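Structure, as structure tokens:
From a predicted model like this one, the values you see are computed outputs, not experimental measurements.
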Amino acid sequence: MIFIAVRFTVRPDHADRWLDLVDDFTRATRDEPGNLFFDWSRSVDDPRVFVLLEAFADAEAGAAHVASPHFTAGLAAMAGAIATTPEIINVEVPQQGWGAMAELAPTGA
């Protein structure tokens, strides 16, 4: 699986609208056959920072994502709203999707 984490710092006037801005891009990516997940989070320390965790089944699925029209449109929409160049981690990992954490499980009811 190709695992990607991207950290976006958004301009203050776009922070509260960021998820609306990326909604079409998010929905289209989640509909891609090779997409395993595409999840946004907002920093609890800085409300202008959003983190995207995404995964694709393999390199071919990742390449299809980058070549898609919604990828191009999504980047164009984001460019006017970001304050800095996003930071990215992109790695290949030997699993498909999320696995259970071995060190922690729920207790009680």
Shortest non-hydrogen separation from [X] to [Y] and the atoms involved:
X     : Y     : result
Leu21 : Ala81 : CD2-CB, 3.6 Å
Gly34 : Ala61 : CA-CB, 3.7 Å
Pro47 : Ala15 : O-CB, 3.8 Å

Here the gap from Trp18 atom CH2 to Ile82 atom CD1, rounded to the nearest 0.5 Å, amounts to 6.5 Å

So the side-chain hydrogen bond (donor to acceptor under 3.5 Å, both in side chains) pairs with at least one residue in residues 30-41 (sequence neighbours excluded) are Thr26-Trp40, Glu32-His65, Glu32-His70

In terms of hydrophobic clustering (I, L, V, M, F, W, Y; side-chain heavy atoms under 4.5 Å; direct or indirect links), are [X] and [Y] co-clustered?
X     : Y     : result
Leu53 : Phe50 : no
Phe3  : Val66 : no
Phe37 : Val6  : no
Phe56 : Val93 : no
Phe38 : Trp98 : no

Going by salt bridge (charged side-chain N to carboxylate O under 4.0 Å, His left out), name the residues that satisfy it together with Asp16, two or more places apart in sequence or in a different chain.
Arg42

Between Gln95 (side chain) and Met1 (backbone), is there a donor-acceptor pair under 3.5 Å?
no

Between the side chain of Arg11 and the main-chain N/O of Gly80, is any donor-acceptor distance below 3.5 Å?
yes

The criterion is side-chain contact (heavy atoms from CB on, under 4.5 Å); which residues satisfy it with Asp46, sequence neighbours excluded?
Ser43, Arg48, Val49

